[in-house]
Enquirer: 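After the structure tokens below, expect a handful of questions from me.
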Amino acid sequence: DPAQTSKLTEQLLSNNLKRQLSAVTELANTGESGISVLINFLEDVANCGPAAGRAYQLLSTSDSVAGQTFLAKTYPHGIVPLNSDRGVDYQPLQELLMAQEFEAADRVTLQKLCELAGPAAVQRKWVYFTEVDSFPVADLLTIDRLWRVYSEDRFGFSKQRELWLGLNQNWNRLWEKLAWKSGNIWTRYPGEFVWDLSAPVGHLPLSNQLRGVRMMEFLLSHAAWNQ
Ligand code: UYC
């Protein structure tokens, strides 16, 4: 009914992500009137955050013709602009994240960091910490936005950084918080990690600690996060 739709619309435009997300879910289940509210919301590019990411996901899997037509016309590749200063193609990452295929997205993220670090890193398949400072700000912001927009704001390097700073940069406490370690026991890759939104905030993307913490330390200290 119209009163309910207008209440949900107001909730969608609030500045509280939890309320926005629940409005998105309800609107997606309210027939064509709800779908058209979601379409209007996505038309305003200023809304390109986690609520829009969720709206995009629900529209793309809905059976609404209006919703499908709108997405095909306006956002055929997803809603996050894929800026790169190195000509790196983030579309595969966008597709995996919008489909909530977080395990594959995590592997592609590492692959993209290697591409940013250069051919030597692509070949060795891991990033040396001295390579991190030269990553372009634009590229890290793109990767981070993709993770945040398609994870209801739960995943991403900047999210890990917030937690890390909140714990006075104490790595051990961060590992516990991210569920990367429990007591003295490291979480085993890949089977013991949680590859969906039930994971703790900041759980993904992973940074392998086998070669020490410095790669992640440089990543979380990058100039990109000062903007
Ligand atoms: N792995 O344990 N990890 C791998 C993590 C460690 C190890 C990949 C994260 C501890 C080995 C990813 C944690 C450790 C391999 C991650 C974790 C260890 C491997 C695939 C919790 C032993 C095989 C990408 C901090 C005690 C590969 C990649 C190899 C792989 C992630 C072992 C994403 C977050 C200290 C033996 N682990 N990793 O980097 O290189 O290969 O031999 O962190």
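Values below: all heavy atoms of this structure, side chains included; hydrogens, waters and symmetry mates excluded. Each ligand, and each atom within it, is numbered from 1 in the order the structure gives.
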Enquirer: Do NZ/NE/NH1/NH2 and the carboxylate oxygens of Glu115 and Lys125 come within less than 4.0 Å?
Expert: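 Between Lys125 and Glu115 there is no salt bridge, as every charged N stays at least 4.0 Å from the carboxylate O atoms.
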Enquirer: Going by the side chain to side chain donor-acceptor pair (under 3.5 Å) test, name the single residue among Arg54, Gln94, Gln100 that passes it with Tyr150.
Expert: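 Option passing the side chain to side chain donor-acceptor pair (under 3.5 Å) with Tyr150: Gln94.
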Enquirer: For a quick test of reading the model, state the closest non-hydrogen atom pair linking Leu219 to Trp225 and the distance between them.
Expert: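 It is O-NE1, 2.7 Å.
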Enquirer: Step through it carefully: locate the ring centre of His203, locate the ring centre of Phe193, and say whether they are under 6.0 Å apart.
Expert: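 Between His203 and Phe193, the centre distance is under 6.0 Å.
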Enquirer: With Ser84, which residues qualify under side chain to side chain donor-acceptor pair (under 3.5 Å), at least two apart?
Expert: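 With neighbours one apart ignored, the set is Asp139.
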Enquirer: Using heavy atoms and a cut-off under 4.0 Å, could you grab the residues that are in contact with ligand 1, chain by chain, numbers ascending?
Expert: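 Only Leu110, Trp180, Trp186, Thr187, Tyr189, Phe193, Leu206, Ser207, Asn208, Gln209, Leu210, Arg211 have heavy atoms that fall under 4.0 Å of ligand 1, ordered by chain and number.
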Enquirer: Cation-pi check, Arg124 to Trp126: give yes when NZ or CZ is under 6.0 Å from the six-membered ring centre and within 45° of the ring axis, no otherwise.
Expert: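 Geometry flag: set, cation within 6.0 Å and 45°.
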